[in-house]
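Just so we're clear, the structure is a prediction, and the values are computed from it rather than from any experiment. Values reported hereafter were calculated over all heavy atoms of this structure, with side chains retained and with hydrogens, waters and symmetry mates removed.
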Amino acid sequence: MSEQIKLTLPDGSVLEVPRGTTALGAAEQIGPRLAKAAMAAKVDGEPFDLSRPITEDASFQVLTFDSEEGRHVYWHSASHIMADAVVQLFPDAKPTIGPAIADGFYYDFDVAEPFTEDDLRAIEAKMQEIMAADEPFVRREVGKPEALDLFEQKQNAYKLELIEEIPDDIVSLYEHDGFVDLCAGPHVPSTGRIRNVRLLSVAGAYWRGSEANKMLQRIYGTAYPKKEQLDEHLHRLAEAERRDHRRLGRELDLFSFHEEAGAGLVHYHPRGAMLRELITAFVTREHLRRGYELVGTPHLVKSDVWETSGHAQQQYPMYYTEIEGQSYGIKPMNCPGHIMIYKTHTRSYRDLPIRYFELGTVYRHEKSGVLHGLLRVRGFTQDDAHIFCTMDQLTDEITGVIRFADDMLRVFGFHEYEVFLSTRPEKSMGSDAVWEQATAALVEALESSNLAYEVDEGGGAFYGPKIDIKIKDALGRLWQGPTIQLDFNLPERFDLTYVGDDGQEHRPAMVHRVVLAGIERFIGVLIEQWAGEFPLWIAPVQIKLLPINDRNLEYAEAVACSLRAEDLRVEVDADSGTLGSKIRQAELEKVPYMLIVGDKEQESAQVAVRKHGEGDLGPTGVAEFIESIRDRVGRDVRAANSPRGRGATSGLPARRRSRGHGRG
């Protein structure tokens, strides 16, 4: 057997090293700077500790903090250090699971009393001691009986449950300075590699996410190799808190939720309802301009329809009820209703494409643990449309939707997005041939639009593949936005046809699409994008009249009437407080313009103008103010619609990269 082995690096080059060289040793041969930055490695695609020897020819990749996998190794190692610190400070605590997450880590503990803020600071201090000790992370592989015996001695029923579910006879453990945890790994070489830790919060979490299980205490934290990286992350968190749509929804009096009415069901207040109306009226008008026809469908549909569509078999999260012995489903989607309308006439190829649009309210049985403000609700409205077309029209229709989606996102201030081609999931309907045909059509539309995209393996709907557009907000976060789904299955299941130019019946293709997606989610994202400071054209209240004295109230109301006659959205602050308090309140409410009216303004038929965030703009006549505001609204909309390319991907060559299974 040769004493040398060959390691194939990501760039295709080959590194020869002695058999038994550790992953760290191989990294050092590539370069000392890379070895210093290494967190772990991948050998033949498998995660690998730097201390483990490599004994066979293999592909080899060093994982640093710059990579997502490297960050997860770093953060997961930090979670073990946190668990060690908790057990040292709270000997009766039972660690359960502690994964890395998007921006850090958490660990769930079974403890007698909830952790306090003082506890978090004490745990953080203990973590600093553990990191300063720089103890190595040591991997051990033991038989399941030995692992069971170890955690039985620790009286940790959670670890015993996890071990019992491991299919292999061998279990991996990680130990540092006497603390042992069940873990697949890998980890950084030693505790001293972890720096700049911050524990962020504590929350309740059910074991394995089930409300039937015990409530645990979950500690969230993060860590970064460099202090400036941690500071930047903490700044992002503070900015995210400032923009949090749930807090702003309360402060701006936009919406509320009421447990007594049901979780995940939105109640829009006057200002929130106005914001929603402005958005939906605009999106409706834009659909009509692009050749869509308005339709409306019922909220209750017989369950037989959901059997035909396949939603029932796919165990879709629906609500059911019974009327006179007949089962009905409360609609989670609008597509069957649009199909019913299509089938009311014999369709010709001359009629196609047919584009049906509905602001359709749907309901889905989401678990309470995943509900999150407007971003995850049980009842929401979609700007939903279905296009029925011939195969020859398909590429043009899909590219038209892509352009439409891009236009709409730019209007609302989103100029960057990422595009994903989501392919067949494990639970799906239809033949391989149908899925391949549908996927190929989406690829053709993406490439003809010159859009860069990634492949999200298994992320499609159960009836067809889709294009997912994820919008990037002001903090660089991605949110689910426009979706374009291609479906050859439902036309087959509902026996949809059209008469072709050959006089024969053919199946139409069906495109399911939204350009803003769920209106509730879109409003939540929009609130966070603008931090509640909406552009003038969609601000629920554009102008607030602030009378200085009660004797100026009648004049303020008259000015408000003049403004409303020009379709401007106005409120009058009739409270008896001081002018300063009224200005402060209007600033907190983020009203774009304040018009102050006192005796001087009343006598001269003028208003004193203040702009949110800028201050005093001076006096002007009412007619002049109306003209300037109408011009400003027009400029805002024109600027939003100005050509800027197509998002972050505009002008880039189409490319395909695997994103792995699921949508994560």
Sub-6.0 Å ring centroid separation between [X] and [Y]:
X: Phe388; Y: Tyr342; value: yes
X: Phe522; Y: Phe412; value: yes
X: Phe255; Y: Tyr268; value: no
X: Tyr224; Y: His233; value: yes

To the nearest 0.5 Å, tell me how far [X] [atom1] sits from [Y] [atom2].
X: Leu516; Y: Leu359; atom1: CG; atom2: CG; result: 9.5 Å
X: Leu288; Y: Thr284; atom1: CG; atom2: OG1; result: 7.0 Å
X: Leu421; Y: Ile467; atom1: CG; atom2: CD1; result: 6.5 Å
X: Leu553; Y: Gln602; atom1: CG; atom2: CD; result: 10.0 Å
X: Arg513; Y: Ile469; atom1: CZ; atom2: CD1; result: 11.0 Å
X: Arg242; Y: Leu237; atom1: CZ; atom2: CG; result: 14.0 Å

Between [Y] and [X], do the side chains contain a donor N or O and an acceptor N or O under 3.5 Å apart?
X: Thr483; Y: Asp468; answer: yes
X: Thr361; Y: His299; answer: no
X: Ser449; Y: Arg403; answer: no
X: Glu358; Y: Thr297; answer: yes
X: Gln529; Y: Asp473; answer: no
X: Ser628; Y: Asp631; answer: no
X: Asn552; Y: Asp599; answer: yes

Closest approach of [X] and [Y], non-hydrogen atoms and distance?
X: Arg477; Y: Ala240; answer: NH1-CB, 3.9 Å
X: Pro336; Y: Met333; answer: CD-O, 4.2 Å
X: Ile471; Y: Pro482; answer: CG2-CD, 4.4 Å
X: Ala223; Y: Val197; answer: CB-CG2, 3.7 Å
X: Leu254; Y: Pro540; answer: CD2-CG, 4.4 Å
X: Phe534; Y: Leu275; answer: CZ-CD2, 3.7 Å

Hey, what's the ring geometry for Tyr356 with His338, parallel, tilted or perpendicular (30° and 60° as the breaks)?
perpendicular
Using 30° and 60° as the class boundaries, would you call the ring planes of His386 and His512 parallel, tilted or perpendicular?
perpendicular
For Arg584, which residues count as a salt bridge (Lys or Arg N to Asp or Glu O under 4.0 Å) partner, sequence neighbours excluded?
none
Side chains of [X] and [Y]: does their closest heavy-atom pair fall under 4.5 Å?
X: Leu546; Y: Val597; answer: no
X: Leu278; Y: Arg569; answer: yes
X: Glu117; Y: Arg121; answer: yes
X: His372; Y: His245; answer: yes
X: Phe420; Y: Lys470; answer: yes
X: Ile484; Y: Lys466; answer: no
X: Met340; Y: Thr344; answer: no
X: Arg610; Y: Ile583; answer: yes

Checking the side chain of Thr222 only, and the main-chain atoms of Asp103 only, is there a donor and an acceptor separated by less than 3.5 Å?
yes
Counting distance only, does the side-chain N/O of Arg521 pair as donor-acceptor with the main-chain N or O of Leu375 below 3.5 Å?
yes
Under the salt bridge (charged side-chain N to carboxylate O under 4.0 Å, His left out) criterion, do Arg410 and Asp407 qualify, and how do the steps go?
CA-CA 5 Å; Arg410 286 192 291 106; Asp407 289 345; 3.0 Å; yes
Does the ring of Tyr593 carry Lys611 above it, NZ/CZ under 6.0 angstrom from centre and within 45° of its axis?
yes
Give a yes/no verdict on a cation-pi contact between Arg290 and Phe404, requiring under 6.0 Å between NZ or CZ and the six-membered ring centre and an angle within 45° of the axis.
yes
[X] bridged to [Y] by N-O distance under 4.0 Å:
X: Glu68; Y: Arg71; answer: no
X: Lys590; Y: Glu251; answer: no
X: Glu627; Y: Arg632; answer: no
X: Lys544; Y: Glu589; answer: yes

What's the verdict on side-chain contact (heavy atoms from CB on, under 4.5 Å) for Arg276 and Glu520, showing C-alpha distance, side-chain angles and the deciding distance?
CA-CA 8 Å; Arg276 188 178 190 275; Glu520 279 66 25; 3.5 Å; yes
List the steps, then state whether side-chain contact (heavy atoms from CB on, under 4.5 Å) holds for Glu557 with Glu554.
CA-CA 5 Å; Glu557 293 286 4; Glu554 185 177 347; 5.8 Å; no
Where do Arg378 and Arg364 land on the side-chain contact (heavy atoms from CB on, under 4.5 Å) test, with the steps shown first?
CA-CA 5 Å; Arg378 287 176 173 159; Arg364 296 181 187 173; over 6 Å; no
Could you go step by step and tell me if Glu211 and Lys367 meet the salt bridge (charged side-chain N to carboxylate O under 4.0 Å, His left out) rule?
CA-CA 10 Å; Glu211 296 176 12; Lys367 292 184 178 180; over 6 Å; no
Under 3.5 Å, which donor-acceptor pairs link side chains of residues 559-567 to any protein atom two or more places apart or in another chain?
from: Ser562; atom 1: OG; to: Ala558; atom 2: O; distance (Å): 3.3
from: Arg564; atom 1: NH2; to: Val570; atom 2: O; distance (Å): 3.4

For Val411 and Trp537, run side-chain contact (heavy atoms from CB on, under 4.5 Å): C-alpha distance rounded to whole Å, both residues' side-chain angles, the deciding distance at 0.1 Å, then the answer.
CA-CA 10 Å; Val411 163; Trp537 73 282; 3.3 Å; yes
